[in-house]
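To start, the structure under review is shown below, and the notes come after it.
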Amino acid sequence: MLDPKLLRDDPAKLIERLNTRGGDFAEVIEQLVALDAQRRASQTEFNRAQAEGNQIGKQVGERLRRGTDAGDPEVFALKQRGIDLKATLAQLQDQERELAERFAALLPTLPNVPRPEVPIGKDENENREMRLWGTPPVFDFEPVAHWDLGERLGLMNFARATLVAQARFVTLVGDGALLERALIAFMLDRHRAHGYLEILPPYLVNTASMTGTGQLPKFAEDSFRCRDDDLWLIPTAEVPVTNLYRDEILTDTQLPIYHCAFTPCFRREAGSYGRDTRGLIRLHQFHKVELVKFCRPEHSSAEHEKLVADAEDVLQQLELPYRVIELCTGDLGFAAARCFDLEVWLPSQNRYREISSCSNFADFQARRANLRFKAPDKKGTEFVHTLNGSGLAVGRTFAAILENYQNRDGTVRVPEALKPYVRKDVLSR
RNA sequence: GGAGAGGUGGCUGAGUGGUCGAAAGCGACGGAUUGCUAAUCCGUUAUAGGGCAGGUAACUCCCUAUCGAGGGUUCGAAUCCCUCCCUCUCCGCCA
């Protein structure tokens, strides 16, 4: 959610900056500016009436305390004024509430303002490639897709997952399960070494949490919901971990907070029916290790760079070729002020595929989730800045390892960094 | 699932209709005292919104709201009534 002050200070500038995302925000913002002015005027009026009512209440109390008879004409007159005021008060309150509700309903529909550094562009074609790392492997045979490799090696079984659940689920078997577990442990160990405190959060969260990080109300149809219990299956660890400090005022000395968390993630993938129907790329349930940071506003850019570096480190340790791209204004997610994607090389697809998305939300999420901090010597509170990124999507990492480390005979070498976890050199039948 | 208890400021905890945004204690901060520490004393110590109040500003002042949430009674609600949510304890069941 945006700072309402942006609307008052310089609406033209706000329109200009939001429009870089594509679309035209002029109308909504003008509407909001008008609503905001009306709302404040209405609130002032309502407050005045409330003050008068409080005054009457006090006067009655004072007289009665001094022993004035309850039937005294003066007291009676005061009471009558109080009764008269009630109708006005109710009317003013309704008006104020309606305006506030309309404002509160409209404001969260605005996306975050892209940071000035973000390249202007329409869509993913105008994303900026920041750097390449590693070299895609050269095969003297046709590289096999990870799902074929995986099934032939007995590491995964899609048919049985469909039998047990639905399409877009997988069952990992034997060394497949082991490799998944190894990746999770490896990633968490790396992040812990970099100062992230490991969290194992609930996988079901309430509506307030989903709203706090912005999954609701916009993306309700993308999430799995337990209707009987007001609980949602988390689409990412970002939700429970960011909401850990919802409605809290942190002390400035607590910042920055670094958390890493492994969780399963559940997504309905509504509207992606034709895409990535095979393999581990797009499933209803997948594993992810997430990095989440809370910091002071002035540090969020530097923390963002470090977060990206920490995610990259995992790929480097695994010696998987990847590239880093910066999303342009047109491709930026709703809540993000700036975002870098890490894309890993997938030989069978002969291209880079997203494996991590590292976003700086600035105060956008913090405002929604009411995440603040306070410096003892300063008056008032400030919203923290939140950042998060995958470190990494485990299933996609699994896929990348199979494809990049495959041999002609269909076996797969285990990356050096994973050997202590897998305790094997090669995955074979 | 059955029975009961309870939700008050950073924490503990008083408050059952009238200057209660809320006693007291703890903690924290500022000051005094002190060779140092400790102790003692004094003071400060919630958040948010609004203001056509003052200041370049940091900020100050005023009004309003908030004692789990929403509604009701009343001139007036932390306090009475209703609904909902949540937490805890005991019993049962269960990983």
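Residue numbers start from 1 in every chain, and the chains themselves are labelled A, B, ... in the order their sequence lines are given, proteins ahead of strands. Computed from a prediction, not measured in an experiment: that's the story for all the values here.
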Checklist entry - Looking at Arg40(A), does any N or O in its side chain come under 4.0 Å of the phosphate oxygens OP1/OP2 on rG49(B)? => result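 For rG49(B), neither OP1 nor OP2 has a side-chain N or O of Arg40(A) closer than 4.0 Å.
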
Item to check | The single option from Phe186(A), Tyr196(A), Phe262(A) passing ring pair (Phe, Tyr, Trp, His ring centres under 6.0 Å) against His191(A) | outcome: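 Looking at Phe186(A), Tyr196(A), Phe262(A), the match for His191(A) under the ring pair (Phe, Tyr, Trp, His ring centres under 6.0 Å) is Tyr196(A).
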
Do any N or O atoms of the protein come closer than 3.5 Å to N or O atoms of nucleotides 26-28 of chain B, and which pairs are they?
none

Next on the checklist: Across nucleotides 8-13 of chain B, 5' to 3', mark each nucleotide with B, S or - according to how protein heavy atoms within less than 4.0 Å reach it.
Outcome noted: ------

Next on the checklist: Does the protein touch nucleotides 61-75 of chain B at the base, only the backbone, or not at all? Give it as B, S and - per nucleotide, heavy atoms under 4.0 Å.
Outcome noted: --SSS-----S--BB

Given atom [atom1] of [X] and atom [atom2] of [N], what is their separation to the nearest angstrom?
{"X": "Leu231(A)", "N": "rC86(B)", "atom1": "CG", "atom2": "C1'", "answer": "13 Å"}
{"X": "Glu382(A)", "N": "rA48(B)", "atom1": "CD", "atom2": "P", "answer": "11 Å"}
{"X": "Gln38(A)", "N": "rG49(B)", "atom1": "CD", "atom2": "P", "answer": "20 Å"}
{"X": "Asp247(A)", "N": "rA46(B)", "atom1": "CG", "atom2": "C1'", "answer": "15 Å"}

Checklist entry - Quick one: stems for RNA chain B, with Watson-Crick or G-U pairs under 3.5 Å, at least three in a row? => result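 The stems that RNA chain B takes part in, listed by first number, are B:1-7 with B:85-91, B:10-12 with B:24-26, B:27-32 with B:40-45, B:46-51 with B:61-66, B:68-72 with B:80-84.
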
Checklist entry - Just wondering, do Phe103(A) and Leu7(A) contact through their side chains at under 4.5 Å, heavy atoms? => result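 Of all side-chain heavy-atom pairs linking Phe103(A) with Leu7(A), at least one is under 4.5 Å.
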
Item to check | Heavy-atom side-chain contact between Met210(A) and Val205(A) under 4.5 Å | outcome: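 A side-chain contact under 4.5 Å exists here.
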
If you measure from the [atom1] atom in [N] to the same atom in [M], how many Å do you get, rounded?
{"N": "rU66(B)", "M": "rG71(B)", "atom1": "P", "value": "11 Å"}
{"N": "rU47(B)", "M": "rC42(B)", "atom1": "C1'", "value": "27 Å"}
{"N": "rA69(B)", "M": "rC85(B)", "atom1": "C1'", "value": "7 Å"}
{"N": "rC86(B)", "M": "rC29(B)", "atom1": "P", "value": "38 Å"}
{"N": "rA23(B)", "M": "rA78(B)", "atom1": "P", "value": "14 Å"}
{"N": "rG76(B)", "M": "rG18(B)", "atom1": "C1'", "value": "7 Å"}
{"N": "rU34(B)", "M": "rG27(B)", "atom1": "P", "value": "23 Å"}
{"N": "rA5(B)", "M": "rC82(B)", "atom1": "P", "value": "15 Å"}

Checklist entry - Listed by chain and number, what are the ring-ring contact (aromatic ring centres under 6.0 Å, His included) partners of Phe364(A), not counting sequence neighbours? => result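 Per chain and number, Phe364(A) pairs via ring-ring contact (aromatic ring centres under 6.0 Å, His included) with Phe334(A).
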
Next on the checklist: For Phe340(A), give me all partners under ring-ring contact (aromatic ring centres under 6.0 Å, His included), at least two apart in sequence or on another chain.
Outcome noted: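 His304(A).
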
Have a look at [X] and say if it touches a base, only the backbone sugar-phosphate, or nothing, with a 4.0 Å heavy-atom cut-off.
{"X": "Arg8(A)", "value": "sugar-phosphate"}
{"X": "Arg372(A)", "value": "sugar-phosphate"}
{"X": "Arg39(A)", "value": "sugar-phosphate"}

Which residues share a side chain to side chain contact (heavy atoms under 4.5 Å, CB included) with [X], sequence neighbours left out:
{"X": "Ile120(A)", "value": "Thr20(A), Thr329(A)"}
{"X": "Pro201(A)", "value": "Ile199(A), Pro240(A), Val241(A), Ala261(A), Thr263(A)"}
{"X": "Ala26(A)", "value": "Ile15(A), Asp24(A), Glu30(A)"}

Checklist entry - Taking for each residue the nucleotide of RNA chain B with the nearest heavy atom, is it Thr381(A) or Glu62(A) whose nucleotide lies nearer the 5' end? => result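 That would be Glu62(A).
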
Checklist entry - Has Lys13(A) got more than 12 heavy atoms of other residues, nucleotides or ligands less than 6.0 Å from its NZ? => result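 No - once you tally the heavy atoms of other residues, nucleotides and ligands closer than 6.0 Å, there are 12 at most.
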
Checklist entry - Do other residues, nucleotides or ligands put more than 12 heavy atoms under 6.0 Å from Arg8(A) CZ? => result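 Yes.
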
Checklist entry - Under the salt bridge (Lys or Arg N to Asp or Glu O under 4.0 Å) rule, what pairs show up with a residue in residues 251-274 of chain A, not counting sequence neighbours? => result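 Found Asp252(A)-Arg296(A), Glu269(A)-Arg282(A).
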
Checklist entry - Can you list every pair that meets salt bridge (Lys or Arg N to Asp or Glu O under 4.0 Å) and has a residue in residues 187-214 of chain A, with sequence neighbours left out? => result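 Residue pairs with at least one partner in residues 187-214 of chain A: Arg190(A)-Asp313(A), Arg192(A)-Glu198(A).
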
Item to check | Cation-pi, Tyr405(A) ring and Arg413(A) (6.0 angstrom, 45 degrees) | outcome: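 Judged by the rule, Arg413(A) and Tyr405(A) form no cation-pi pair.
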
Item to check | Sidechain-backbone polar pair: Thr236(A) side chain, Glu238(A) backbone, donor-acceptor under 3.5 Å | outcome: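 Yes, Thr236(A) side chain to Glu238(A) backbone: donor-acceptor pair under 3.5 Å.
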
Checklist entry - So which pairs with a foot in residues 156-166 of chain A pass side-chain hydrogen bond (donor to acceptor under 3.5 Å, both in side chains), sequence neighbours left out? => result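 Matches after skipping sequence neighbours: none remain.
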
